[in-house]
Engineer: 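One structure, pasted below without further comment.
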Number of protein chains: 2
Amino acid sequence: MTEISNAEFEVLEALWQNYPASANDIIKKLNENTDTDSDVQEKQWHDKTVKTLLNRLVKKQAISFEKQQRHYLYSPLLEREAYTLKESKSLVERMFSGKIAPLVAGFAKQNDLNKDDIKALKSLISDWEKNND
Amino acid sequence: MTEISNAEFEVLEALWQNYPASANDIIKKLNENTDTDSDVQEKQWHDKTVKTLLNRLVKKQAISFEKQQRHYLYSPLLEREAYTLKESKSLVERMFSGKIAPLVAGFAKQNDLNKDDIKALKSLISDWEKNND
DNA sequence: ATTGTAGGATTACACTTGTAATCAAAGCTG
DNA sequence: CAGCTTTGATTACAAGTGTAATCCTACAAT
């Protein structure tokens, strides 16, 4: 499967959140202002742009569609989890020789970890240890 | 600063490993077969290709050069750590709402963590706790 | 001094990507 | 039934990318 671009990923993301979905559903979801209490203006997606991206995703076999009357209903062909894992591994491979700790270390150094993050990590570790000793 | 492409990143990576370096130094480093005991053939970088990428990196102000006689010696302008952190954060933001644990969880689920990784993570956590309580 | 050569500079070129506009067919509306 | 509208399909187009080839000029070697 070919690579999925950034813009394509955002469309796919909207689809993952709710599918099957029509082009309009997806456009609407993309244009929902998710942070209403913020003053940053969310980018507005243009109708035509999203449709182009949907077409490209179909060509790349990342999503499928089925005719519903004269409209299409799209669905992902790719699982979100599988995709994000692939991308994560690719980045970790390229930047950190496949080791995850240096990535986490960067976050730690920048003070990008809070108590919840640490709790979640500890929980992952203890699960791992439960299964691997 | 504009984005650095994948190919550009590999060149930059070679430069980070050893600088200042001439174009030839960099080309040679890129073409060193790092996994000699493997049968996968490493990609060979073409002279001209690398020079193009160096030029683009200069334009993007990711690297600098100084004339040494009639040759150039290149040096990174960007710190590796800063760059990899920026990229990591960008991915974690886009795919995991900024949370790092889900990324690590993906690795765990795929059995991509070993004892050393866990040890490193634990050590990071205990450092964090030392500084944050 | 002439000529080959080693670089850096410039140009090339197809493919991808972001961002749409235009086209065409199928319904909807008066 | 004849346009108007909706919606997918096709086309557009500049910028970025991967991958080089060609050009040009200062040295090196004969």
Side-chain angles (χ1 to χ4, degrees), chain A residues 1-15 19-31 41-75 77-78 83 87 90-91 94, chain B residues 1-15 19-31 41-75 78 83 86-87 90-91 94:
Chain A
M1 213 251 314
T2 17
E3 288 308 301
I4 288 171
S5 77
N6 284 344
E8 285 158 10
F9 175 75
E10 294 195 58
V11 171
L12 191 44
E13 186 75 292
L15 187 55
Y19 65 85
S22 70
N24 276 338
D25 293 340
I26 296 170
I27 293 165
K28 208 183 305 173
K29 170 142 313 222
L30 282 168
N31 284 333
Q41 183 50 49
E42 287 284 310
K43 137 182 207 160
Q44 281 296 110
W45 289 83
H46 194 295
D47 173 343
K48 304 299 187 181
T49 302
V50 175
K51 292 193 176 173
T52 298
L53 293 172
L54 285 170
N55 271 321
R56 289 183 184 165
L57 284 165
V58 168
K59 278 217 188 76
K60 292 182 178 184
Q61 297 184 277
I63 70 180
S64 66
F65 63 87
E66 45 169 340
K67 277 202 168 64
Q68 192 73 5
Q69 306 124 227
R70 40 225 99 275
H71 293 191
Y72 287 179
L73 283 186
Y74 296 90
S75 295
L77 283 177
L78 214 59
Y83 180 73
E87 290 300 300
S90 157
L91 179 137
R94 293 190 316 122
Chain B
M1 216 251 315
T2 17
E3 288 308 302
I4 289 171
S5 78
N6 284 344
E8 285 159 8
F9 175 75
E10 294 195 58
V11 171
L12 191 43
E13 185 75 291
L15 187 55
Y19 65 86
S22 69
N24 276 338
D25 293 341
I26 295 170
I27 293 164
K28 209 182 304 173
K29 170 143 311 222
L30 282 168
N31 284 332
Q41 184 50 49
E42 287 283 311
K43 135 180 212 164
Q44 280 297 110
W45 289 83
H46 194 295
D47 173 343
K48 304 300 187 181
T49 302
V50 176
K51 292 191 177 175
T52 297
L53 293 172
L54 284 170
N55 271 322
R56 290 182 182 166
L57 284 166
V58 169
K59 279 218 189 75
K60 291 181 178 184
Q61 296 184 277
I63 69 179
S64 66
F65 62 88
E66 46 169 340
K67 276 200 169 66
Q68 190 74 5
Q69 305 125 229
R70 38 225 98 279
H71 292 191
Y72 286 179
L73 283 186
Y74 296 90
S75 296
L78 214 58
Y83 180 73
K86 185 164 77 66
E87 289 301 299
S90 156
L91 180 137
R94 293 190 317 121

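Within every chain, numbering begins at 1; the chains are lettered A, B, ... in the order of the sequence lines, protein sequences first and strands thereafter. FYI, side chains are in, hydrogens and waters are out, and symmetry mates aren't considered; it's all heavy atoms of this structure.
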Engineer: Is it true that Glu87(A) and Arg94(B) make a salt bridge, defined as a side-chain N closer than 4.0 Å to a carboxylate O?
Structural biologist: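 So Glu87(A) does not pair with Arg94(B) through a salt bridge.
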
Engineer: Check the distance between dC23(D)'s P and Asn55(B)'s CG and give it to me in whole angstrom.
Structural biologist: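 So the two atoms are 18 Å apart, to the nearest Å.
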
Engineer: Using 0.5 Å steps for rounding, measure from the CD1 atom of Ile63(A) to the CD atom of Glu8(A).
Structural biologist: 9.5 Å

Engineer: Going through the checks in order, is the side chain to side chain contact (heavy atoms under 4.5 Å, CB included) test met by Tyr83(A) and Ile4(A)?
Structural biologist: CA-CA 10 Å; Tyr83(A) 180 73; Ile4(A) 288 171; 3.7 Å; yes

Engineer: Which atom names give the shortest non-hydrogen contact between Leu30(B) and Trp45(B), and what distance separates them?
Structural biologist: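 The answer is CB-CD1, 3.6 Å.
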
Engineer: Without decimals, in angstroms, what is the distance between Leu54(A) CG and dT10(D) C1'?
Structural biologist: 16 Å

Engineer: Within this structure, what is the CD-to-C1' distance between Gln68(B) and dA6(C), rounded to whole angstrom?
Structural biologist: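 Distance, rounded to whole Å: 17 Å.
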
Engineer: What residues form a side-chain contact (heavy atoms from CB on, under 4.5 Å) with Ser75(A), not counting sequence neighbours?
Structural biologist: Tyr19(A), Pro20(A), Ser64(A)

Engineer: Find the distance Asp47(A):CG to dT22(C):P and express it as a whole number of Å.
Structural biologist: 14 Å

Engineer: Take atom NZ of Lys51(B) and atom C1' of dC23(D), then tell me their distance rounded to the nearest Å.
Structural biologist: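 It works out to 13 Å between those atoms.
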
Engineer: Could you check how far CG of Asn24(A) sits from C1' of dT6(D), rounded to whole Å?
Structural biologist: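 So the CG-C1' distance, Asn24(A) to dT6(D), works out to 9 Å.
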
Engineer: Rounded to whole Å, please give me the gap between CG in Leu30(A) and C1' in dT19(C).
Structural biologist: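 Roughly 14 Å, once rounded to whole Å.
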
Engineer: So, for Leu15(B) and Tyr74(B), which heavy atoms are closest and what is the spacing to 0.1 Å?
Structural biologist: CD1-O, 3.5 Å

Engineer: Each nucleotide in nucleotides 14-21 of chain D should get exactly one letter: B, S or -. Can you fill that in based on protein heavy atoms under 4.0 Å?
Structural biologist: ---BBBBB

